[in-house]
Amino acid sequence: QVQLAESGGGLVQAGGSLRLSCAVPRMILSINVMGWYRQAPGKQRELVATITSGGGTNYGDSVKGRFTVARDNAKNTVYLQMDSLKVEDTAVYYCNVAGTRWGRWNDYWGQGTQVTVSS
């Protein structure tokens, strides 16, 4: 099973910033959309941000204006810059890409990185 590798989570005070990174194994091919989801305790996983190979971005309403998603195709890495963090942003953040392996399309996920925002 191929797994993505997130990093950059941690504990930060409200109003602070964190930058998450996700390294995608190069064995995953034909990647178009890369993105981030999050899941808080007792809640379902929700979309945070996505970015296409052409650079188009999409954000969940709750993070617009505060988070920025970017990608470095040469490094096969997607980033999430999180600014003006709120307590409500506390969650496990998961990296996600859609791609192919062995000619089959699938969604690939990381194990998650914990982001905790304190008041």
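No experiment lies behind these values; they were computed from the predicted model shown. Numbering starts at 1 and runs along the sequence shown.
- Ion pair Lys86/Asp89 not flagged as a salt bridge, since none of the NZ, NE, NH1 or NH2 atoms sits closer than 4.0 Å to an Asp/Glu carboxylate oxygen.
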Derivation and outcome, side-chain contact (heavy atoms from CB on, under 4.5 Å), residues Arg101 and Val2
CA-CA 9 Å; Arg101 184 168 182 253; Val2 177; 3.3 Å; yes
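- A heavy-atom distance below 4.5 Å is found between the side chains of Gln3 and Gln111.
- By the 4.5 Å heavy-atom criterion applied to side chains, Val97 and Leu4 are counted as neighbours.
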Name each donor-acceptor pair under 3.5 Å that joins a side chain in residues 8-29 to protein atoms two or more places apart or in another chain, with its distance.
residue: Ser17; atom: OG; partner: Asp83; partner atom: OD1; Å: 2.7
residue: Arg26; atom: NH2; partner: Ala74; partner atom: O; Å: 2.5

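- Separating the CE atom in Met82 from the CZ atom in Arg38 is a distance of 9.0 Å, to the nearest 0.5 Å.
- Asn106 is linked by a side-chain contact (heavy atoms from CB on, under 4.5 Å) to Tyr108, counting only residues two or more places apart in sequence or in another chain.
- Summarising the local packing, CH2 of Trp102 is surrounded by 12 or fewer heavy atoms from other residues, nucleotides or ligands at distances under 6.0 Å.
- Taking 4.5 Å as the limit, every side-chain heavy atom of Trp36 sits out of range of all side-chain heavy atoms of Asn96.
- For the residue pair Gln114 and Ala91, the shortest heavy atom distance occurs at NE2-O, 3.4 Å.
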Between side-chain atoms of residues 51-59 and protein atoms elsewhere (two or more places apart, or another chain), which donor-acceptor pairs fall under 3.5 Å?
residue: Thr52; atom: OG1; partner: Gly54; partner atom: N; Å: 3.4
residue: Thr52; atom: OG1; partner: Gly55; partner atom: N; Å: 3.4
residue: Thr52; atom: OG1; partner: Gly56; partner atom: N; Å: 3.1
residue: Ser53; atom: OG; partner: Asn32; partner atom: OD1; Å: 3.1
residue: Tyr59; atom: OH; partner: Val69; partner atom: N; Å: 2.9

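- Within the model, atoms CG of Leu80 and CD of Glu6 stand 11.0 Å from one another, a figure rounded to the nearest 0.5 Å.
- Linking Ile, Leu, Val, Met, Phe, Trp and Tyr whenever their side-chain heavy atoms come within less than 4.5 Å leaves Val48 and Tyr79 in two separate clusters.
- Nearest heavy atom pair, residue Val78 against residue Ala70, reads CG2-O, 3.3 Å.
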Worked verdict on Phe67 versus Leu85 for side-chain contact (heavy atoms from CB on, under 4.5 Å)
CA-CA 9 Å; Phe67 291 10; Leu85 282 162; 3.8 Å; yes
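- In this structure, Trp109 belongs to a hydrophobic cluster whose other members, linked by side-chain heavy atoms under 4.5 Å apart, are Tyr37, Leu47, Val92, Tyr94.
- For Glu88, there are no salt bridge (charged side-chain N to carboxylate O under 4.0 Å, His left out) partners, not counting sequence neighbours.
- Side chain of Ser62 to backbone of Gly60: no donor-acceptor contact under 3.5 angstrom is found.
- Not a single salt bridge (charged side-chain N to carboxylate O under 4.0 Å, His left out) links Lys43 to another residue, sequence neighbours left out.
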